[in-house]
Chemist: 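Quick one: the structure is below, and I'll ask about it shortly.
The structure presented is a predicted model; accordingly, all values stated were derived computationally and were not measured. Computed from heavy atoms alone, side chains included, the values below leave out hydrogens, waters and symmetry copies. The chains referred to below are lettered A, B, ... by the order of the sequence lines, with proteins before strands, and numbering in each begins at 1.
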Amino acid sequence: MIISKYLDGLNKSQKEAVESTEGPLLVLAGAGTGKTKVLTSKIAHLISLRKASPSNILAVTFTNKAAREMKYRIGQSLGSMVEGMPWLGTFHSIGAKILRIHAELAGLKSDFTILDTDDQLRLIKQIIKSENIDEKRWPPKLLLGYIDTFKNKGLMPTEITYNQDYQFANRKASELYGLYQNRLSILNSADFGDLLLLSLNLLKRNTDILNKYQNIFLYILVDEYQDTNVAQYLWLRLLSQKNSNIACVGDDDQSIYGWRGAEVDNILRFESDYPGAKIVKLEENYRSTEKILGAASGLISYNKDRLGKTLIANIKDEGEEVHIRSVWDAENEARLVTDEIEAKQSKGAKLEDIAILVRASFQMREFEDRFIMSGIPYRVIGGPRFYERQEIKDAISYIQVVSNSNNDLKLERIINIPRRGIGNSTLQALNKIARSNNISLFLAAKQIIETDEIRGQTKIKLANFINSIELWKDAKSSSHHTDLVKRILDESGYTEMWQNDKSPTASGRLENLKELIGQIDGFDSIDGFLDHVSLVMELESDTSAEKVSLMTLHSAKGLEFENIFLPGWEDGLFPNQRSLDEKGNSGLEEERRLAHVGVTRAKKSLWITYALNRRVYGLWQQSIPSRFIDEIPEEYKDFDAEYINTNNYYQQERQSKYKNFDAGYTKNNNNYQKESQFTREATGTKIPAWKRIKKNNSVTINAEFQEINIKRKTNFIEGQRVFHEKFGYGKIIDINQLKLEIDFEKSGIKTVLESYVKIH
DNA sequence: TCATTACTCCTTTTT
DNA sequence: GGAGTAATGA
């Protein structure tokens with residue numbers, strides 16, 4: 001029987017989730033419990049029972065990768081009988097699709113361009129300038145952040161109340177947001193947030209259209225529901241209102257995108273949002289050993305706001321303890337990890353089964369250095385994306401200008417790259433004409449070269465450039481699109497610019513341009529390619545090669561590896577100080593969920609390390625092990641002597657460091673204290689001298705304190721011989737407030753804070 | 001218009 | 001410490 005094929009491999013709760021097709025359903029799927037399997041089987045089930053044809057199922061994911069994976073797996077379980085699911089994709093791509101169909105209703109044309117962050121920022125800068133707002137006092141980036149937040153919340157400029165508005169240049173955030181939207185409309189462009197916001201608005205305001213989609217989407221499936229923001233939530237609600245067949249899969253313990261507007265509340269509230277909702281918990285974990293799961297469960301149990309589920313190990317193997325190691329600094333950390341990798345390798349482990357997950361991308365550097373040095377092949381996942389590279393963006397901008405020369409933002413980007421003598425003053429003149437006549441820059445340029453407003457050389461150069469664009473536009477219909485791109489890059493002098501560039505990155509950039517042309521060749525037309533570029537930022541890389549993976553914890557969600565290394569578990573770095581400062585306890589909980597995500601990536605072995613010293617903004621700081629290390633139950637971890645002996649000290653340090661914040665924390669969480677007393681007894685061990693040095697510049701200190709510090713003069717004088725715990729003896733060569741530049745006898749010239757230095 | 005210098009912010013995470 | 005940007009001068 002055909003049905004059994006995909007139902008066979010499912011456990012009881014998975015099967016229940018798959019077979020509950022009617023009405024609202026929330027599947028709480030813990031890490032490694034077969035979430036994707038449930039989703040794909042469910043789709044297969046719907047299709048093979050003929051409850052819906054593939055085109056009547058809306059299935060949304062967050063990443064293109066997840067969408068691809070789902071498509072692939074559905075194809076596998078149904079054989080070839082499923083041909084394309086038009087409504088399976090990311091929130092953004094489906095939003096874009098709907099928006100293109102009804103663009104006029106949103107003040108756009110159906111061929112609108114999708115802006116990236118660069119363009120957004122450029123636009124916002126222009127608006128801030130034209131409104132005579134001081135860019136220094138009110139940074140464009142801040143406004144961009146506010147606008148994004150508005151959009152994440154599903155708010156149009158006119159819907160923002162006084163109280164919701166931000167303190168940006170006299171509460172002008174919403175007003176500027178309105179101006180920004182107007183500009184976007186004039187430019188026939190939408191930013192990322194618009195793809196959702198505008199399509200949401202469309203559905204809200206046009207019942208006929210809403211009706212149409214409600215009738216198309218007989219079944220709605222949502223992946224990673226815990227990551228949805230308000231706009232996405234409202235969008236889903238509207239679409240599911242009619243027939244209520246909405247199945248959301250998610251894990252509140254893996255909600256790690258709060259900073260991007262995700263609302264864990266959406267998942268916590270599901271039952272009250274959808275009365276009569278069925279809830280299925282998937283708790284059987286098929287990934288990790290018992291000890292790793294125990295560590296993960298212990299850790300996440302410190303979170304208060306959760307729906308509560310317990311991961312049960314399906315793999316009956318205790319496995320190794322979680323290894324906790326302390327190291328002197330980041331360099332040693334990288335060495336320890338690579339040594340361990342090499343040891344594993346010699347025992348037969350494969351490099352592709354090993355991953356290093358960091359909290360922040362700056363941590364990657366030490367590892368890369370070390371890998372290069374020891375010749376270990378590695379790959380960075382989610383690093384600087386292909387389409388975000390400068391040369392690729394430039395090239396694409398050229399293509400976009402040829403495709404639509406009224407794209408002012410792109411034209412501005414390339415008008416003087418390579419240098420062709422069209423500088424700022426010319427550009428400003430163009431902008432002025434464009435504004436006053438309400439035309440695009442391109443048209444303004446055409447106009448200006450007919451007049452005498454600009455002089456000799458500049459005029460000729462501008463005329464030449466405009467002329468070239470016209471020529472390329474003419475060639476668009478007659479030549480093959482790949483040839484046209486080659487021609488544009490050559491004739492514009494862009495390729496030549498990099499050929500003449502002597503910097504070491506130049507050859508790589510030329511390679512990338514070649515790669516880009518190869519990519520373009522894979523598409524039928526330029527427009528098809530452009531749409532792909534704006535929605536699919538990543539470029540698939542081969543995951544098969546024998547390489548260690550290096551990535552951030554965020555990009556590791558959804559992946560699994562035999563061996564996981566989690567470096568940098570230090571207070572301030574992880575949990576991240578800024579998270580804590582900005583969002584207090586909920587920030588801490590999100591960090592903890594991130595830690596939980598990290599731990600649950602591991603199948604067999606897990607190493608957590610922390611460095612006692614780390615360089616922050618070029619200055620050396622001493623650090624304390626992360627509280628998350630404490631929170632992993634004793635019986636699941638194995639740690640070195642250093643950690644046990646000094647832990648009591650760390651506990652105190654941490655508490656004084658977060659005095660205000662911890663007050664609430666300990667009150668809310670009895671476990672924390674109980675656990676600490678139970679597991680940690682004062683050992684009476686003497687704390688090494690360097691640790692007793694009083695800190696006066698921890699990562700964050702209240703403003704008052706810092707002020708005093710800056711005003712205070714250092715007692716050191718130039719030429720003095722001093723001692724530093726890390727670098728040894730040295731001589732002060734320069735003093736800048738509390739920063740001392742010291743020429744160390746063994747480690748060379750370094751800048752350090754005076755508090756780490758003793759007079760010798 | 002372009003090159004050099006000074007200054008800034010940064011290091012959370014991304015569709 | 002270092003990248004990116006704005007200000008400054010040639």
Side-chain angles (χ1 to χ4, degrees), chain A residues 60-67 89-96 114-118 120-122 125 135-136 139-142 145 148 151-152 191-197 223-224 227-229 231-232 255-262 330 357-365 381-385 387-388 390 416 418-428 454-455 457-458 461 534-538 551-557 568 572-583 587 590-591 593-594 597-598 614-621 699-700 739 741 749-752:
Chain A
V60 274
T61 64
F62 273 85
T63 64
N64 294 298
K65 204 169 110 200
T90 62
F91 274 102
H92 290 92
S93 66
I94 289 172
I114 300 168
L115 300 190
D116 56 26
T117 320
D118 267 17
Q120 281 181 285
L121 212 54
R122 198 168 299 142
K125 270 186 194 161
E135 253 184 90
K136 281 271 161 57
K141 262 197 173 161
L142 191 66
D148 263 351
K151 293 191 173 181
N152 285 337
D191 65 19
F192 253 86
D194 283 342
L195 300 181
L196 269 160
L197 177 67
D223 189 20
E224 309 274 21
D227 288 337
T228 50
N229 62 30
Q232 287 156 339
S255 162
I256 54 175
Y257 283 109
W259 52 274
R260 206 171 69 189
L357 314 181
V358 295
R359 173 68 247 266
S361 42
F362 74 90
Q363 290 172 260
M364 291 186 185
R365 203 185 152 166
I381 296 180
R385 285 146 192 274
Y387 293 121
E388 278 171 8
Q390 184 196 339
N416 203 26
R419 298 255 147 84
R420 49 174 73 88
I422 306 171
N424 239 325
S425 44
T426 315
L427 197 57
Q428 257 163 26
I454 47 171
R455 292 166 293 115
Q457 267 309 67
T458 317
K461 282 171 174 167
S534 39
L535 286 169
V536 184
M537 298 299 280
E538 82 225 272
M551 68 190 102
T552 64
L553 284 159
H554 282 88
S555 42
K557 195 168 75 166
L573 178 58
F574 192 36
N576 180 276
Q577 188 60 44
R578 217 159 115 181
S579 252
L580 264 45
D581 289 345
E582 279 166 16
K583 300 220 291 263
E590 180 152 321
E591 292 289 304
R593 290 193 290 268
L594 195 52
V597 166
R614 194 172 287 276
R615 205 162 39 184
V616 185
Y617 306 134
L619 289 170
W620 284 95
Q621 309 254 222
V699 185
T700 299
K739 294 176 198 166
E741 199 175 342
I749 297 170
K750 300 234 181 328
T751 308
V752 297

Chemist: I want to confirm an ordering. Mapping S579(A) and D148(A) to their closest nucleotides on DNA chain B, which one lands closer to the 5' end?
Modeler: S579(A)
Chemist: Once you round it to whole Å, what is the distance between P of dC10(B) and CZ of R614(A)?
Modeler: 19 Å
Chemist: What I'd like to find out is whether the side chain of L553(A) reaches to under 4.5 Å of the side chain of V358(A), using heavy atoms alone.
Modeler: no
Chemist: Mark yes or no for whether Q363(A), through its side chain, and A360(A), through its backbone, hold a donor-acceptor pair below 3.5 Å.
Modeler: yes
Chemist: Which nucleotide sits closest to the side chain of T63(A): dT14(B), dT15(B), dT11(B)?
Modeler: dT15(B)
Chemist: Is a donor on one side and an acceptor on the other found under 3.5 Å between the side chain of D194(A) and the backbone of L197(A)?
Modeler: no
Chemist: Output the rounded distance in Å from CG (L580(A)) to P (dT11(B)).
Modeler: 18 Å
Chemist: Assign a letter to each nucleotide of nucleotides 4-10 of chain C from its 5' end: B, base within under 4.0 Å of a protein heavy atom; S, sugar-phosphate only; -, no contact.
Modeler: ---S---
Chemist: Nearest to the S361(A) side chain among dT14(B), dT13(B), dT15(B), which nucleotide is it?
Modeler: dT13(B)
Chemist: Side chain of R615(A), heavy atoms from C-beta onward: which of dT15(B), dT13(B), dG1(C) has the nearest atom to it?
Modeler: dG1(C)
Chemist: Indicate yes or no: at least one non-hydrogen side-chain atom of E590(A) is less than 4.5 angstrom from one of K583(A).
Modeler: yes
Chemist: Could you give the CE-to-C1' distance, from M551(A) to dT13(B), as a whole number of Å?
Modeler: 14 Å
Chemist: If you only use heavy atoms from C-beta on, which nucleotide in dT15(B), dC2(B), dT13(B) is closest to the side chain of N416(A)?
Modeler: dC2(B)
Chemist: Mind calculating the distance between CD1 (I256(A)) and C1' (dT15(B)) to the nearest angstrom?
Modeler: 13 Å
Chemist: Taking atom P in both dT13(B) and dG4(C), compute the distance separating them and give it to the nearest angstrom.
Modeler: 15 Å
Chemist: Describe, in one word, how the ring planes of Y257(A) and H554(A) are oriented to each other, choosing from parallel (under 30°), tilted (30 to 60°) and perpendicular (over 60°).
Modeler: tilted
Chemist: Does the pair D227(A)/K557(A) count as a salt bridge with the N-to-O cut at 4.0 Å?
Modeler: yes
Chemist: With the side chain of W259(A) defined as its heavy atoms from C-beta on, choose the nearest nucleotide among dT15(B), dT11(B), dT14(B).
Modeler: dT14(B)
